[in-house]
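To start, I am sharing the structure in question, which I have written as structure tokens.
Quick note: numbers below take in every heavy atom, side chains included, and nothing from hydrogens, waters or symmetry partners. Letters go in sequence order (proteins before strands), and every chain restarts at 1. The structure displayed is predicted, hence computed values, not measured ones.
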Amino acid sequence: MMEKRYDSKAAEAKWYPFWENNGCFHDEPGKGTPYSVVIPPPNVTGILHMGHALNQTIQDILVRWRRMCGFNTLWLPGTDHAGIATQNVVEKALKKEGKRRQDLGREAFVARVWEWKKQYGGTIVHQQRMLGNSTDWRRERFTFDEGCSKAVTKVFCDLFNEGLIYKGNYIVNWCPRCGTALANDEVEHEANHGHLWYIKYPVVGSAKGAAGEPYKDYVMVATTRPETLPGDTAVAVNPKDERYAHLIGKTVILPLTNREIPVISDDYVEKEFGTGIVKITPAHDPNDFLVGKRHGLEEINIMTDDGHMNELAGAKYVGMDRFKCREALVADLEAGGYLDHIEDYDNQVGHCYRCHEVVESRLSKQWFVKMKPLAEPAIEAVKSGEVRFVPKRWENIYFNWMNNIQDWCISRQLWWGHRIPAYYVRGNASEEGKGKREEVFVVAENAEKALEKAKAVTGNSALTLADLEQDPDVLDTWFSSWLWPFSTLGWPEKTADLDYYYPTADLVTAQDIIFFWVARMMMAGIHFMKKPPFKNIVIHGIVRDAQGRKMSKSLGNSLDPLELIEAYSADALRFSIALITSLDCDSKVSKEKFEIGRNFATKIWNAARFMEMNREATPQAGFGAARGPVQLSADEKQILWACDLACRKMNEILERYRIQDGALAIYDFFWTQICDWYVEYAKDAPDKATAFAILRDVYWKALRLLHPYMPFVTEEIAHQLGYLKEGESIMRAAYPTGYTDEEKAAWGLSQEVYDFVNAKREAITALRALRAEYKVPPSTFVKVTVATDDPKVAAEVDSLKRAMRAESVAFVPAGSDLAMPSKMTAFGTVYLSLEGLVDKAAELKRIEGELVKLAGFIKSSEAKLANEQFTAHAPAAIVEEARRKLAENKEKVVQLEKLKRLFA
RNA sequence: GGGCUAUUAGCUCAGUUGGUUAGAGCGCUUCCUUGACAUGGAAGAGGUCAGUGGUUCGAAUCCACUAUAGCCCACCA
């Protein structure tokens, strides 16, 4: 006996372990057509948020659907080691013990992070199970596990050997406190109320001026960062700026240093900003760095790793903190007469997302991947249509980024991550010049191989492992993620999984990591596997709150998927998310939205209970099994036709990734078609056995159609109603494709019958509306008349009677003229006998309103039909429809006029 | 500054290649605890489809411009 209420918690607790333990998520390579998807691996430090819920619900729907369609399916789960985030978490924990990572030393610290991972790293993986994800946990991977690490090392070595990885000077975001380079997304920009300092740079050869103004001729620059002045190696103007054309090529004196620097011209300079002259400091500003590269300028690094001035800043400032130096330097400029004036100025300043220190742009030695050669085939793969973006418009964004791609800085000054497989030969790494290192290094997959290479390179066969020192840096976390679609399948080994499941089919992700992740996976996949890693890139929106703001911890507007599951069930969460998901735009969610999913689960549960109560009247063999010709009523034919439509529609919709349309379609079929109409019909069907056999069959199809959206409740009901035997799962039941032509013919299904029944429902609705309009109490039986010449309509007398609580249903010829309230329908005009129940004044008012409305329509409709252009150009069916509507409404007017006289 | 997207009912959104009197859910109003379901049922109100112009016999749909909002990229030294 089914419980009165659906117990979602019990079902979830029961079915997830059942699926997992019985291998329902697991296929072996071999038979059938593969359908594989890799999950975007969440950070191992992460906890499940709405973004995951959305992303994974979409994937699970696609995967479950394909699996039921008979594909050999793999949805591969895993987590990302998330270098900086994870290291940060553990450092915080250490801090509570009053320790820093340096106190432990590298090895002990990394061991400590692994320890943390072991203990807490399973959190999100556990939470993903709560969602109902049908990921193959037997193939779960971690970007820092042994296999993925091997792949990372091999990729680094291969790219290095191909000349695509190099070590070079580059300007990076640098946190002086953390002592590491930061990726662009690790820098948080904040509004800053600062100043613009206007500084005069004397032109060489100009005459001395009056007292307090040492030179007559000078150029004036404006800067927000005067302390970087000692690093200037040029000043620049815009080449189109006539004011300064005469200066280009001249030389100016850098104040306080007496160094001479050139005046150059570059498009980068904005004429309107400041004075239109900018100082160029290649070692301390990313734009200046690029300008410096274009003009071959010297790069002078005037700061130390921890944000203090070094000897190149000038003897006076050595060792000074960068902000202290700013004050000192400005004071000196003023004293020397170089400072013209200061303005207030608001700009954005970058801060370290971890410690909030002001980020420094800094020249440093980092490892880079040359991206251009990798990008070209990846562009081509999308251009040729081999890989498709869904929706298509994301292609432009992809192309735009790929065409302007910059080299990728892959080194990070962290301890947690894949260590760079470069080995320096000690003794050859000598200090030379100021802060510059001349290095001899080799790149190899392990220390032993590195030693052999080092011997060859140096010609010193006496070298030992002790003479080698591995690069202390680790790789950017994305350097392992970009291999995810093949490293997780066993690459570089030649495994059966890799052979069978690569390339994957769909990649589902949000727009925010198209560049970081998707584009790079494309490049890596094509380069190392010779095939793009997926065929379709499905991009969905971001989950926002009811006000359209991004969900974030600091705003406190996040919804917790786990709380929603607790309150509404996993199925409700999934269904509601699917229902509000549009691939084209972001989704706004609020708690109330999840009631839709919960209510839907309740609805189908109650429909199941209804069926169970009628189990005895229902042939358990099922309707579909009895294939012979049968005599079916119109309503029975209608639901079978509707079911066939729903099956076809769902498959088409999912083929096109229209997750939301699918949710709407199955919702409507289940609720409106089955529950609102067919179940009501079945209660009083003339042939109950047939009616219930059909209900049983249609319901089973509907359950399976719904399963990818609501896996738990569908599984539970499938067992409760005996559609499945113990040990079976709806997950492996066939996804319905509709009825065969033979079946449809045998049962006499057709569009005509379907339309006929829908017309009947329209008539019933019209009569209910009349009842409501005239405030006929529900308990009152009424007299109904239908004007029609269709004998099929007359045959429906019984079902009409029941549906509208009619005392009698009479039929009169079409066009009959009755003095009763009526509505026209495709079924015929329906009349309701009121027998003195009416408030005449109110009714008159209503009729007047109705007539005005109709007159408007008739006028425009007649004009349209009188237009020869319309009748000539529009499709015949459209014109015909317009004529029919016009006639219908004219008839309506006649009826209303009559009623008006009656009530007057 | 460059690009993208949106603007349809009070709210959240559908609306397939232009073609019925523009739809759904929530909310609201009225009625209904009749044996699956009040997490429900029936009915109803509510929209000049952001604005202007254009193309067309016909525009929510195509084009241009404008307004508003949001996102991305580049960012002013």
Counting heavy atoms from C-beta on, name the nucleotide in A77(B), A43(B), A14(B) closest to the side chain of Thr224(A).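 In terms of side-chain proximity for Thr224(A), the closest of A77(B), A43(B), A14(B) is A77(B).
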Nearest of G19(B), A36(B), C13(B) to any side-chain atom of Gln660(A)?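 Closest nucleotide among those given: C13(B).
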Return the nearest nucleotide to the side chain of Phe515(A); candidates are C72(B), A42(B), A36(B).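 The answer is C72(B).
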Picking from U12(B), G19(B), A24(B), which would you name as closest to the side chain of Lys593(A)?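 Output: U12(B).
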Establish, yes or no, whether a centroid distance under 6.0 Å links the rings of Phe670(A) and Tyr699(A).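 Between Phe670(A) and Tyr699(A), the centre distance is under 6.0 Å.
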What's the closest nucleotide to the side chain of Gln511(A) if the choices are U39(B), G25(B), C71(B)?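 For Gln511(A), the side-chain atoms sit closest to C71(B).
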Sugar-phosphate, base or nothing in reach of Ile596(A), heavy atoms under 4.0 Å: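 Sugar-phosphate, backbone atoms only, no base.
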How close or far is atom C1' of U16(B) from atom CD of Glu652(A), stated in whole angstroms?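 My rounded result for the distance is 10 Å.
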NA contact type, Glu680(A), heavy-atom cut-off 4.0 Å: base, sugar-phosphate, or nothing?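 If one applies the 4.0 Å heavy-atom cut-off, Glu680(A) turns out to touch a base.
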Counting the atoms with a prime plus P, OP1 and OP2 as sugar-phosphate, which does Ala769(A) contact under 4.0 Å by heavy atoms, base, sugar-phosphate, or nothing?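 Answer is sugar-phosphate: Ala769(A) comes under 4.0 Å of backbone atoms only.
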Base, sugar-phosphate or nothing for Glu595(A)? Non-hydrogen atoms, less than 4.0 Å.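 Nothing: the residue Glu595(A), judged by heavy atoms under 4.0 Å, touches no strand.
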Same-atom distance (C1') from C13(B) to A60(B), integer angstrom: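 The same atom, C1', in both gives a distance of 14 Å.
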Lys864(A) NZ/CZ over Phe870(A) ring centroid, <6.0 Å and within 45° of normal: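 Judged by the rule, Lys864(A) and Phe870(A) form a cation-pi pair.
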Ignoring hydrogens and angles, state whether a donor on the side chain of Lys760(A) or Thr825(A) is under 3.5 Å from an acceptor on the partner side chain.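 Per modelled atom types, Lys760(A) and Thr825(A) side chains form no pair under 3.5 Å.
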Distance, rounded to the nearest Å, where Arg658(A) contributes CZ and A14(B) contributes C1':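 One finds 9 Å between C1' of A14(B) and CZ of Arg658(A), rounded.
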Students often get this wrong, so: under 4.0 angstrom with heavy atoms, is Lys683(A) touching a base, only sugar-phosphate, or nothing?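 Counting heavy atoms under 4.0 Å across all strands, the contact made by Lys683(A) includes a base.
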Round to a whole Å and report the spacing from CD1 of Ile171(A) to P of C75(B).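 Between P of C75(B) and CD1 of Ile171(A): 12 Å.
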Which is true for Asp285(A) with a 4.0 Å heavy-atom rule: it touches a base, it touches only sugar-phosphate, or it touches nothing?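 No contact.
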Nearest whole angstrom, please: distance from the P of A36(B) to the CG of Asp684(A).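 The distance from CG of Asp684(A) to P of A36(B) comes to 10 Å, rounded to the nearest Å.
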Applying a 3.5 Å limit to both distances, which nucleotide forms a Watson-Crick or G-U wobble pair with C13(B)?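 When the pairing criteria are applied, G23(B) turns out to be the nucleotide that pairs with C13(B).
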